[in-house]
Amino acid sequence: MDEKFTGKVAIIGLGYIGLPTAVALATRGIDVIGVDLNPSIVQAVSRGEVPFAEPDLAVAVSGAVAMGRLVATTEVPEADAYIIAVPTPFTAERTADLSYVESASRQIAPKLRRGAVVVLESTSPPGTTDKVKGWIGEMRPDLKLPHDTEPQPDIHLVHCPERVLPGRIMIEMITNDRIIGGITPRCAQKAAAIYRVFAQGEILLTDAASAEMAKLVENAYRDVNIAFANEISLISEYLHIDVWEVIRLANRHPRVNILSPGPGVGGHCIPVDPWFIVAAAPELSPLLKTAREVNDGRPNHVAEQVIAKAQRFRAPSIACLGLTFKANVDDIRESPAVEVVSLIAKGLPDVEISACDPYVSELPPLLGSYENLRLKNAVQAVDEADIVVLLVEHEPFKAMRHTRLGGKVVYDTRGVWR
Ligand SMILES: NC(=O)c1ccc[n+]([C@@H]2O[C@H](COP(=O)([O-])OP(=O)(O)OC[C@H]3O[C@@H](n4cnc5c(N)ncnc54)[C@H](O)[C@@H]3O)[C@@H](O)[C@H]2O)c1
């Protein structure tokens with residue numbers, strides 16, 4: 001019979017992944033201690049508030065805090081299980097920066113009691129869960145670490161990658177299938193009991209390195225397919241063919257499903273994770289590397305097109321709609337839209353440019369220094385503009401009346417106003 005988990009869980013990192021995981025457990029009766037280095041995040045969560053926008057998360061956090069099931073702190077406590085959900089960005093050399101994971105592992109190590117489960121949820125290159133074991137082992141030589149020849153270790157260590165879609169995190173966290181990769185099969189079984197508390201999807205047990213690689217491969221798959229769409233878009237534009245019509249027709253083939261082109265790939269998963277594979281096997285990953293380069297080249301291409309359109313006017317005004325990395329979220333990390341706006345503002349220093357986004361209340365740092373750039377309400381900006389550039393398909397932009405766009409040069413990078 002499946003084991004039942006009833007212990008106390010500490011979640012290290014209360015960001016887009018850690019906080020929803022904390023409430024998924026807390027609202028199902030598990031005592032959860034959320035840990036974050038950032039005191040303002042800890043204070044917000046302690047008040048039952050959410051420091052970022054994610055549908056349905058606010059009500060779940062306030063409920064979990066009010067029930068006394070979720071508390072937040074800056075100090076790692078003693079617990080029965082630890083879930084590490086800290087950032088794994090890449091370095092200037094495009095290798096994984098594991099410093100956050102290392103420091104979280106070293107903070108957990110002194111608190112570990114026999115029987116504890118340690119889950120690495122942060123997206124990580126193959127071999128990282130083994131490194132976590134090494135960091136813990138350095139600090140706790142008294143503990144029997146999991147090993148092929150150690151049937152009864154003192155701690156259980158797994159990688160459980162997260163694959164939720166921002167904007168749907170609260171649904172997908174519950175319904176998605178979960179991969180749990182253990183240092184040993186016993187580790188995976190122990191950790192599965194924690195995820196069974198809330199996961200309704202299937203729980204797939206495997207080894208740690210396969211789990212690490214599976215997560216990276218998922219995002220590399222998306223990246224390569226988006227790069228395909230972007231390359232088709234580039235070629236179609238060159239040949240004066242409507243790419244959206246081409247894709248609509250091609251997708252009527254029963255085994256073809258081309259994704260949508262766009263101004264680039266953002267967020268801190270898809271543009272980052274494929275590099276972890278490339279770094280692990282550079283000679284063997286030319287396709288993944290090229291896909292990254294194709295997608296990274298998109299903001300420049302979009303900005304060049306807008307700058308070329310602006311040459312038709314004597315003193316044009318340009319409205320850029322959307323700054324976030326995807327629709328209906330407030331996340332601007334690695335956002336290609338921000339890069340496009342920056343390139344246009346830089347390329348047209350004498351032109352009035354408006355940036356509009358219902359989810360962004362102040363200009364991101366990259367855009368703060370342009371004197372020709374203002375953050376504006378979309379309706380006003382569009383009414384005043386000669387050129388309208390759609391960069392993110394937020395619902396209010398999709399719903400914008402076509403009459404409002406009449407007589408303007410429209411560059412719709414998302415194909416929603418066709
Ligand atoms: N955001 C997503 O949609 C998504 C999806 C799948 C996987 N992931 C992966 O999940 C991981 C976390 O991503 P995120 O989006 O939640 O990041 P985030 O930046 O939103 O949150 C991370 C939090 O960790 C805190 N932190 C960093 N080091 C810490 C430490 N030593 N102790 C305590 N707190 C610490 C930070 O202050 C921050 O609040 C990353 O590896 C990411 O690639 C993210």
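Every number for a ligand or one of its atoms is a count from 1 in the order of the listing. Because the structure is predicted, anything quoted here is derived from the model rather than measured.
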Which of the numbered atoms in ligand 1 are below 4.0 angstrom from a heavy atom of [X]?
X	result
Ile12	32 (N), 33 (C)
Pro166	3 (O)
Tyr100	27 (C), 28 (N)
Lys215	6 (C)
Ser103	31 (N)

Establish, yes or no, whether the cationic atom of Lys346 lies under 6.0 Å from the six-membered ring centre of Tyr370 and within 45° of the ring axis.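 No, cation not above the ring by the 6.0 Å, 45° rule.
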
Considering only heavy atoms, which of [options] lies nearest to [atom]?
atom	options	value
atom 35 (C) of ligand 1	Val35, Leu14, Leu37	Leu37
atom 6 (C) of ligand 1	Arg333, Glu162, Arg106, Glu102	Glu162
atom 27 (C) of ligand 1	Gly167, Pro87, Pro39	Pro87
atom 40 (C) of ligand 1	Val86, Ile41, Leu19	Val86
atom 21 (O) of ligand 1	Pro51, Gly15, Ala10	Gly15

I'd like to know if [X] and [Y] make a salt bridge, using a cut-off of under 4.0 Å between side-chain N and carboxylate O.
X	Y	value
Arg222	Glu218	no
Asp154	Arg113	no
Asp31	Arg69	yes

Decide salt bridge (charged side-chain N to carboxylate O under 4.0 Å, His left out) for Arg178 and Glu121; before the verdict, give the C-alpha distance in whole Å, the side-chain angles of both, and the deciding distance to 0.1 Å. CA-CA 11 Å; Arg178 270 328 282 216; Glu121 272 212 18; 3.3 Å; yes

My understanding is that only residues two or more places apart in sequence, or in another chain, count here; which of them pass salt bridge (Lys or Arg N to Asp or Glu O under 4.0 Å) with Glu93?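 With neighbours one apart ignored, the set is empty.
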
Given that the side chain starts at C-beta and the backbone is N, CA, C, O, which of these parts of [X] lies under 4.0 Å from ligand 1, counting heavy atoms, or is it both or neither?
X	value
Cys269	side chain
Asp331	neither
Ser122	both

Report the nearest protein non-hydrogen atom to [atom]: residue, atom name, distance rounded to 0.1 Å.
atom	answer
atom 38 (C) of ligand 1	Asp36 OD2, 3.4 Å
atom 1 (N) of ligand 1	Tyr16 CB, 3.6 Å
atom 31 (N) of ligand 1	Gln107 OE1, 2.7 Å
atom 10 (O) of ligand 1	Ile17 CG1, 3.6 Å
atom 24 (O) of ligand 1	Gly13 CA, 3.3 Å
atom 42 (C) of ligand 1	His268 NE2, 3.7 Å

Distance-only side-chain donor-acceptor flag, Asn230 / Ser233, under 3.5 Å: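 Side-chain D/A pair, Asn230 to Ser233: absent.
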
According to the side chain to side chain donor-acceptor pair (under 3.5 Å) rule, which pairs have a member within residues 179-190, sequence neighbours left out?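 Only Glu3-Arg186, Arg186-Gln189 qualify under side chain to side chain donor-acceptor pair (under 3.5 Å).
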
With side-chain contact (heavy atoms from CB on, under 4.5 Å) as the test, pick out the partner of Val302 among Val341, Leu391, Ile344.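 When side-chain contact (heavy atoms from CB on, under 4.5 Å) is applied between Val302 and each of Val341, Leu391, Ile344, only Leu391 qualifies.
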
Among Asn219, Thr123, Asp177, which residue meets the side-chain contact (heavy atoms from CB on, under 4.5 Å) test with Arg163?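 Filter result, single survivor: Asp177.
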
Using atom types as modelled and distance alone, determine if a side-chain donor or acceptor of Asn372 lies under 3.5 Å from a backbone N or O of Leu348.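 Such a contact is found between Asn372 side chain and Leu348 backbone.
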
Under 3.5 Å: donor-acceptor pair, side chain of Ser105, backbone of Val132: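 Looks like no, no N/O pair under 3.5 Å.
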
Do [X] and ligand 1 have an N or O pair less than 3.5 Å apart?
X	result
Thr88	yes
Arg163	no
Thr123	yes

Are the aromatic rings of Phe276 and Phe90 close, with centres under 6.0 Å apart?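 No, too far apart.
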
